[in-house]
Amino acid sequence: MPYQPLRRCSYPGCRNKVKSGRCEEHKPKDNRPNSSARGYDHKWSKYREQYLKHHPLCVMCLEKGIYTPATVIDHIKRVENGQADPLFWVESNHQSLCRDCHSYKTRVIDQRGFGAKK
C-alpha cells in the first residue's frame with residue numbers, strides 16, 4: 001500500500017514536515033483541565049437547561065435589537081475555582097449568550113481565551 005507524502009506544517013512560514021495539520025511546535029497548547037474537572041458536571045448541565053429555558057435569548061444580541069437564541073451561560077464576573085468559587089452558582093452572575101457573543105466577550109472584553117491579545 002502506498003504511503004502519503006509528508007506535507008509542510010500549516011503554520012505560516014513553518015517548513016517542518018508533517019502528515020497533516022501542524023507540527024508539534026505549532027500545535028495549540030490547551031493546558032486547562034476538562035470541563036467536568038472545572039465544575040461543569042451533570043448538576044451544571046441541569047441548571048444550564050433550566051436557566052436557558054427561562055432566559056432563551058442572547059443578552060448582547062437583544063441589546064442590538066437582534067433576536068438570537070442563547071446557547072451558553074456566561075459568568076459575568078470571572079469564576080476561578082469551579083464550583084468552589086462563591087460566584088459559580090450566583091444567578092445574578094449569569095447571563096445567557098449565543099456562542100458568537102460568548103466568544104467575543106471572552107476574547108475582547110475579558111481579554112482571555114483563544115485569540116485574545118495579551
Side-chain angles (χ1 to χ4, degrees):
M1 179 175 234
Y3 290 100
Q4 184 176 2
L6 294 177
R7 303 167 185 214
R8 287 173 94 185
C9 170
S10 62
Y11 189 82
C14 181
R15 294 187 162 288
N16 293 334
K17 299 287 184 182
V18 295
K19 286 184 180 179
S20 66
R22 293 187 175 186
C23 64
E24 290 299 318
E25 181 182 346
H26 295 114
K27 280 187 181 172
K29 290 155 184 72
D30 189 8
N31 299 329
R32 68 184 188 167
N34 64 23
S35 60
S36 63
R38 289 178 292 149
Y40 299 100
D41 55 8
H42 180 69
K43 185 178 176 185
W44 175 260
S45 296
K46 299 293 266 183
Y47 174 79
R48 177 187 169 278
E49 184 180 326
Q50 289 300 314
Y51 188 88
L52 290 176
K53 195 178 285 186
H54 294 291
H55 305 90
L57 298 175
C58 173
V59 174
M60 290 175 72
C61 289
L62 206 54
E63 288 175 358
K64 301 174 197 169
I66 303 169
Y67 296 96
T68 309
T71 56
V72 178
I73 297 178
D74 175 58
H75 288 96
I76 298 168
K77 292 182 184 169
R78 189 173 178 177
V79 173
E80 293 292 332
N81 300 323
Q83 292 186 21
D85 193 305
L87 290 174
F88 190 87
W89 290 108
V90 178
E91 190 171 341
S92 61
N93 190 38
H94 299 152
Q95 64 181 348
S96 51
L97 297 176
C98 64
R99 193 180 118 251
D100 292 341
C101 287
H102 185 259
S103 296
Y104 173 80
K105 179 187 176 284
T106 303
R107 185 181 69 251
V108 177
I109 298 171
D110 296 344
Q111 293 184 343
R112 59 187 186 90
F114 184 77
K117 304 219 189 261
K118 300 197 177 181

Taken to the nearest 0.5 Å, the spacing of C101 SG from I66 CD1 works out to 8.0 Å
What one should report as the nearest heavy-atom pair of H94 and L87 is NE2-O, 4.4 Å
Closest heavy-atom pair, C23 versus C9, reported as atoms and distance to 0.1 Å, is N-SG, 3.3 Å
In terms of the angle between their ring planes, are Y47 and W89 parallel, tilted or perpendicular, with boundaries placed at 30° and 60°?
perpendicular
**Prompt:** Can you check whether P33's main-chain N or O pairs, donor with acceptor, with R38's side chain at less than 3.5 Å?
**Reply:** yes
Value for CD (E91) from NE2 (H54), rounded to nearest 0.5 Å, stands at 8.5 Å
Using the rule given for side chain to side chain contact (heavy atoms under 4.5 Å, CB included), can you reason through N16 versus Y11, listing the C-alpha separation, both sets of side-chain angles and the distance that settles it, and then say yes or no? CA-CA 9 Å; N16 293 334; Y11 189 82; over 6 Å; no
So does W44 get a backbone contact from the side chain of D41, meaning a donor-acceptor N/O pair under 3.5 Å?
yes
| Within a reach of under 6.0 Å around OH of Y104, are more than 12 heavy atoms found that belong to other residues, nucleotides or ligands? | no
Between the OG atom in S36 and the NE2 atom in H42, the distance rounded to the nearest 0.5 Å is 13.0 Å
Open item on the list: Quick one, Y51 and S96 - any side-chain contact, counting heavy atoms below 4.5 Å?
Closed with: yes
- Item | Verify same cluster id: V72, V79 (apolar side-chain graph, 4.5 Å) | no
What one should report as the nearest heavy-atom pair of T106 and D110 is O-CB, 3.5 Å
Are the side chains of I109 and M60 in touch, meaning some heavy atoms are under 4.5 Å apart?
yes
Correct closest heavy-atom pair for T68 and C61 would be OG1-SG, 3.4 Å
For L57 and A70, the nearest pair of non-hydrogen atoms, with its separation, is C-CB, 3.8 Å
Rounded to the nearest 0.5 Å, the NZ atom of K27 sits from the OG atom of S10 at a distance of 10.5 Å
Query raised in the report: Under the side chain to side chain contact (heavy atoms under 4.5 Å, CB included) criterion, do K19 and L6 qualify, and how do the steps go?
Result: CA-CA 5 Å; K19 286 184 180 179; L6 294 177; 4.0 Å; yes
- State plainly whether the residues K46 and E49 are in salt-bridge range, i.e. N to O under 4.0 Å. no
Taking D74 first and then K105, would you say they form a salt bridge - that is, a charged N and a carboxylate O separated by under 4.0 Å?
yes
Between the OG atom in S103 and the CG atom in L97, the distance rounded to the nearest 0.5 Å is 9.5 Å
Practice task
I would like to know whether K77 and V90 meet side chain to side chain contact (heavy atoms under 4.5 Å, CB included); could you show each step before the answer?
Solution key: CA-CA 10 Å; K77 292 182 184 169; V90 178; over 6 Å; no
Worksheet item: Does the side chain to side chain contact (heavy atoms under 4.5 Å, CB included) test come out yes or no for K17 and R7, once each step is laid out?
Response: CA-CA 5 Å; K17 299 287 184 182; R7 303 167 185 214; over 6 Å; no
Determine the interplanar angle of the F88 and H75 rings, folded into 0 to 90°, and report it as parallel if under 30°, tilted if 30 to 60°, perpendicular if over 60°. tilted
